[in-house]
S.K.: 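Submitted below is the structure of interest, expressed as structure tokens.
Starting from 1, each residue takes its place in the sequence as its number.
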Amino acid sequence: MSGRRCGVLGDPIAHSLSPVLHRVGYAELGLDWTYDAHRVPAGGLESFVAGLGPEWRGLSLTMPLKREALALVDRLTDRARLAGAVNTLVLGGDEGERVGDNTDLPGAAAAIRERTTMPLASATILGGGATASSIGLALVDLGVRSVELLVRDEARAGETLEVLRAHPAGIEVRTGVLDATDRVTADIVVSTIPADAQTPELVARCDDVPVVFEALYDPWPTPLAASAADRTLVGGLDLLVHQAVMQFDLFTGLRAPLEAMRQAGRRALAERSAG
């Protein structure tokens with residue numbers, strides 16, 4: 001198992017903490033593996049994957065590649081098919097098979113349940129991209145049956161709306177606009193939008209929601225995360241660590257050292273803030 005390679009792909013990618021987490025995991029388990037970040041813009045995934053050698057074992061995929069990967073795999077897991085997005089590409093399986101998976105779903109569910117056992121029936125998600133799809137599906141697994149997407153352009157959320165409305169649970173899905181003025185009254189609010197899109201007005205609309213899930217980890221805290229005060233806050237690092245642990249397991253076949261990876265992520269973020 002020595003000399004294997006893995007990496008995280010996306011655009012932008014320089015901010016990613018994934019190399020920190022996975023490398024610490026390798027070190028803890030004594031694996032002679034490497035994990036690096038690679039900037040791959042939209043439309044570039046196919047050529048990147050085609051150029052990989054047999055030493056490559058896995059890829060973590062971020063924006064804008066999660067949906068692009070769907071056409072490049074030999075097999076999709078049920079959760080990746082359900083989400084219509086791949087954040088994990090496992091390479092070098094039987095006869096070189098490429099398997100597309102999505103650890104954002106179970107990672108999000110684990111991150112939420114680590115912070116709260118509160119029953120969740122309704123959710124408001126800020127944004128409508130691939131991350132919104134995955135976290136939305138995770139919320140359905142946790143019991144949510146009513147989801148509202150707050151977006152700037154409903155047309156750009158079409159795939160996410162389709163994914164959520166197709167769920168076998170038959171959930172209620174509706175859309176609203178980010179710059180409206182009505183209060184958000186859900187059990188949990190999830191932000192998948194950039195920090196600079198979190199206006200004071202939008203943050204104030206979410207003041208009464210008991211559980212706040214901020215999918216970003218850098219910059220931190222975002223305006224929404226900073227507003228959580230004594231409410232339950234699920235952070236982007238929580239999501240990143242849990243989905244990374246599951247990716248680690250898939251790539252290596254070994255159990256990831258979750259706490260060591262979490263602490264490495266915290267240290268790296270603290271160093272960025274100090275710098």
S.K.: Using every non-hydrogen atom in the two residues, find where Thr88 and Phe251 come nearest and quote the distance to one decimal.
M.R.: CG2-CE2, 3.7 Å
S.K.: If you round to the nearest 0.5 Å, how far is CZ of Arg75 from CZ of Arg81?
M.R.: 9.5 Å
S.K.: Going by atom types only, do Ser60 and Tyr35 share a side-chain donor-acceptor pair under 3.5 Å?
M.R.: yes
S.K.: Are any of the side-chain nitrogens in Asp11 or Arg39 under 4.0 Å away from the carboxylate oxygens of its partner?
M.R.: yes
S.K.: Take atom CD in Glu154; do more than 12 heavy atoms of anything else shown fall under 6.0 Å from it?
M.R.: no
S.K.: Identify every side-chain donor-acceptor pair in residues 155-163 under 3.5 Å, counting partners at least two apart or on other chains, and give the distances.
M.R.:
{"from": "Thr160", "atom 1": "OG1", "to": "Arg67", "atom 2": "NH2", "distance (Å)": "3.2"}
{"from": "Thr160", "atom 1": "OG1", "to": "Gly128", "atom 2": "O", "distance (Å)": "2.6"}
{"from": "Thr160", "atom 1": "OG1", "to": "Gly129", "atom 2": "O", "distance (Å)": "2.9"}
{"from": "Thr160", "atom 1": "OG1", "to": "Ser133", "atom 2": "OG", "distance (Å)": "2.8"}

S.K.: Side chains of Val234 and Glu214, heavy atoms from C-beta outward: is any pair under 4.5 Å?
M.R.: no
S.K.: Kindly work out whether a path of hydrophobic side-chain contacts (I/L/V/M/F/W/Y, heavy atoms less than 4.5 Å apart) joins Val209 to Val147.
M.R.: no
S.K.: How long is the span from the OG1 atom in Thr252 to the CG atom in Leu29, to the nearest 0.5 Å?
M.R.: 7.0 Å
S.K.: Would a distance-only check, ignoring hydrogens and angles, find a side-chain to backbone donor-acceptor pair under 3.5 Å from Arg113 to Thr116?
M.R.: yes
S.K.: Does any non-hydrogen side-chain atom of Asp208 lie less than 4.5 Å from one of Val184?
M.R.: no
S.K.: Looking at side-chain heavy atoms only, is the closest gap between Thr232 and Met118 below 4.5 Å?
M.R.: no
S.K.: With sequence neighbours left out, write down each residue that passes side-chain hydrogen bond (donor to acceptor under 3.5 Å, both in side chains) with Arg5, or none if nothing qualifies.
M.R.: none
S.K.: List the atom of Ala80, the atom of Val86, and the distance in Å for their closest heavy-atom pair.
M.R.: CB-CG2, 4.3 Å
S.K.: Let me confirm one number: the CG-CD distance from Asp101 to Gln247, rounded to the nearest 0.5 Å.
M.R.: 9.0 Å
S.K.: More than 12 non-hydrogen atoms from neighbouring residues, nucleotides or ligands closer than 6.0 Å to CD on Glu172, yes or no?
M.R.: yes
S.K.: For Glu148 and Ile125, indicate whether the former's side chain and the latter's backbone hold a donor-acceptor pair under 3.5 Å.
M.R.: no
S.K.: Please check if Leu237 and Met246 belong to a single hydrophobic cluster, counting links between Ile, Leu, Val, Met, Phe, Trp and Tyr side chain heavy atoms closer than 4.5 Å.
M.R.: no
S.K.: Please check if the side chain of Arg231 supplies one atom and the backbone of Asp207 the other of a donor-acceptor pair under 3.5 Å.
M.R.: yes
S.K.: Could you tell me whether Arg255 and Asp249 have a side-chain N and a carboxylate O separated by less than 4.0 Å?
M.R.: no
S.K.: One thing to verify: whether Asp36 and Arg23 come together as a salt bridge, which I'm taking to mean a side-chain N less than 4.0 angstrom from a carboxylate O.
M.R.: yes
S.K.: Is there a path of hydrophobic side-chain contacts, each under 4.5 Å between heavy atoms, that joins Leu105 and Val73?
M.R.: no
S.K.: Counting only N and O atoms by type, is there a donor-acceptor contact under 3.5 Å from the side chain of Gln198 to the main-chain atoms of Thr222?
M.R.: no
S.K.: Shared ILVMFWY cluster between Val203 and Val177, side chains joined below 4.5 angstrom?
M.R.: no
S.K.: According to salt bridge (charged side-chain N to carboxylate O under 4.0 Å, His left out), who are the partners of Arg152, at least two apart in sequence or on a separate chain?
M.R.: none
S.K.: Taking the side chain as every heavy atom from C-beta outward, state whether Leu224 and Cys206 have any pair of such atoms under 4.5 Å apart.
M.R.: yes
S.K.: Passes side chain to side chain contact (heavy atoms under 4.5 Å, CB included), Arg262 versus Asp238? Steps please.
M.R.: CA-CA 8 Å; Arg262 190 202 309 270; Asp238 298 324; 4.1 Å; yes
S.K.: For Arg57 and Leu91, indicate whether the former's side chain and the latter's backbone hold a donor-acceptor pair under 3.5 Å.
M.R.: yes
S.K.: Test side chain to side chain contact (heavy atoms under 4.5 Å, CB included) on Arg272 and Leu17 and set out the steps.
M.R.: CA-CA 11 Å; Arg272 288 184 185 182; Leu17 280 182; 3.4 Å; yes
S.K.: Quickly, which of Leu126, Thr181, Leu150, Thr124 forms a side-chain contact (heavy atoms from CB on, under 4.5 Å) with Arg205? Name it, please.
M.R.: Leu150
S.K.: Out of curiosity, Leu240 CG to Ser16 OG, how far, rounded to the nearest 0.5 Å?
M.R.: 6.5 Å
S.K.: Dump the intermediate steps for side chain to side chain contact (heavy atoms under 4.5 Å, CB included) on Leu9 and Leu89, then the final yes or no.
M.R.: CA-CA 11 Å; Leu9 279 53; Leu89 190 57; over 6 Å; no
S.K.: Counting N and O atoms only, with roles assigned by atom type, does the side chain of Asp187 sit under 3.5 Å from a partner on the main chain of Ser122, one being a donor and the other an acceptor?
M.R.: yes
S.K.: I need the Ser191 OG to Leu202 CG distance, nearest 0.5 Å.
M.R.: 7.5 Å
S.K.: Tell me yes or no: between the side chains of Asp104 and Thr131, is some donor less than 3.5 Å from an acceptor?
M.R.: no
S.K.: Please find the pair of heavy atoms, one from Pro41 and one from Pro64, that lie closest to each other, and give the distance.
M.R.: C-CG, 4.4 Å
S.K.: Measure the shortest side-chain to side-chain distance between Phe213 and Val189 over non-hydrogen atoms and say whether it is less than 4.5 angstrom.
M.R.: no
S.K.: Does the side chain of Met261 reach to within under 4.5 Å of the side chain of Glu28, using non-hydrogen atoms?
M.R.: no
S.K.: Does atom CZ of Arg183 have more than 12 heavy-atom neighbours from other groups under 6.0 Å away?
M.R.: yes
S.K.: Carefully, step by step, assess Leu178 and Val151 under the rule side chain to side chain contact (heavy atoms under 4.5 Å, CB included).
M.R.: CA-CA 5 Å; Leu178 282 170; Val151 294; 5.5 Å; no
S.K.: For the ring pair His15 and Trp220, is the centre-to-centre distance below 6.0 Å?
M.R.: no
S.K.: Mind listing the closest non-hydrogen atom pair of Phe248 and Ala256 along with its distance?
M.R.: CD2-CB, 3.5 Å
S.K.: Group every Ile, Leu, Val, Met, Phe, Trp and Tyr by side-chain heavy-atom contacts under 4.5 Å, then state whether Leu269 and Leu233 land in the same group.
M.R.: no
S.K.: Nearest 0.5 Å please: distance from the CG atom of Leu149 over to the CG atom of Leu164.
M.R.: 6.0 Å
S.K.: Could you check if a side-chain atom of Val241 sits within less than 4.5 angstrom of a side-chain atom of Leu258, using non-hydrogen atoms only?
M.R.: yes
S.K.: Which heavy atom in Arg174 sits nearest to a heavy atom in Ser146, and how many Å separate them?
M.R.: NH1-OG, 3.0 Å
S.K.: Verify the distance criterion only: is there a donor paired with an acceptor across the side chains of Ser134 and Asn102 at less than 3.5 Å?
M.R.: yes
S.K.: When you compare the side chain of Leu139 with that of Ile135, does any pair of heavy atoms fall below 4.5 Å?
M.R.: yes
S.K.: Considering all heavy atoms of both residues, which atom of Gly25 and which atom of Pro257 are nearest to each other, and what is their separation?
M.R.: CA-CG, 3.7 Å
